[in-house]
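What follows is a single structure, written as structure tokens, with notes after it.
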Amino acid sequence: MLRRALASADGEYLPHLSGEWVQAARQAHRAAVVEAHLTLARLHCDAHECPLAAQELVRAAATDPLIGEDHHQRLMACLATTRGRYAATEHYRRYRAFLAAEIGDTPMADTVAFAERLKGGELPCVDTPFRPAGSRD
């Protein structure tokens, strides 16, 4: 059902309208779409469907690049598992460049350290469930 809901939510919300209230509605719609992608990614991850989890995380990040570093770390882990450390490193570098250009910031130290471990060949999801670097769970 969640996949069907996402398919029906594709595209800009209320494209034929303009106004301040529409912008607020579009932001709320976009946030709901991102949350649905993240939820679907978590369900795929829990079912060990790594390529599908990565796909949903890519969609969430494309919709809102500021989804949170924990989600970018999860995407890096999925990419390392499904497409290798080079794909994970490429995502990290693009994310780092985005933060520098758009926000004027750098990734958190935990994310930098996680990227280095992935570059070294670590596969965080192979033997244990993924936990974002620095999480206390």
NE2 of H71 to CG of L66, rounded to nearest 0.5 Å, is 12.0 Å
Is a donor on one side and an acceptor on the other found under 3.5 Å between the side chain of R85 and the backbone of K119? yes
How long is the straight-line distance from CZ of R59 back to CD1 of I67, given to the nearest 0.5 Å? 13.5 Å
Restricting to non-hydrogen atoms, name the atom on L123 and the atom on A80 that form the minimum distance, rounded to 0.1 Å. CD2-O, 3.4 Å
Roughly how far apart are T111 OG1 and E116 CD, rounded to 0.5 Å? 12.0 Å
V34 to D64 - nearest heavy-atom pair and separation: CG2-CB, 3.8 Å
Heavy-atom pair of closest approach, residues A60 and L38: CB-CD2, 3.8 Å
Taking only residues two or more places apart in sequence or in another chain, which ones pass side-chain hydrogen bond (donor to acceptor under 3.5 Å, both in side chains) with R30? none
How many angstroms lie between SG in C45 and CD in E56, if you round to the nearest 0.5 Å? 12.5 Å
P51 and T82 have their tightest heavy-atom pair at N-CG2, 3.6 Å
Between A87 and L79, which heavy-atom pair has the shortest distance, and what is it? O-CD1, 3.8 Å
Straight-line distance of R83 CZ to C50 SG, nearest 0.5 Å: 13.5 Å
When hydrophobic residues are tied together by side-chain contacts of less than 4.5 Å, even through go-betweens, does M76 share a cluster with Y86? no
Could you work out, with salt bridge (Lys or Arg N to Asp or Glu O under 4.0 Å) as the rule, every residue matching E90, not counting sequence neighbours? R94
In sequence, state the C-alpha distance, the side-chain angles, and the governing distance for R74 and L57, and then conclude on side-chain contact (heavy atoms from CB on, under 4.5 Å). CA-CA 8 Å; R74 182 176 299 282; L57 287 166; 3.5 Å; yes
For the residue pair L40 and R3, establish whether any side-chain heavy-atom pair is separated by less than 4.5 Å. yes
Sequence neighbours left out, what passes side-chain hydrogen bond (donor to acceptor under 3.5 Å, both in side chains) with R93? Give chain and number order. none
Ignoring hydrogens and angles, tell me if any N or O in the side chain of H72 forms a donor-acceptor pair with the backbone of P65 under 3.5 Å. yes
Using every non-hydrogen atom in the two residues, find where P107 and E69 come nearest and quote the distance to one decimal. CA-OE2, 3.5 Å
Rounded at 0.5 Å granularity, tell me how far CE in M108 sits from CZ in F114. 12.5 Å
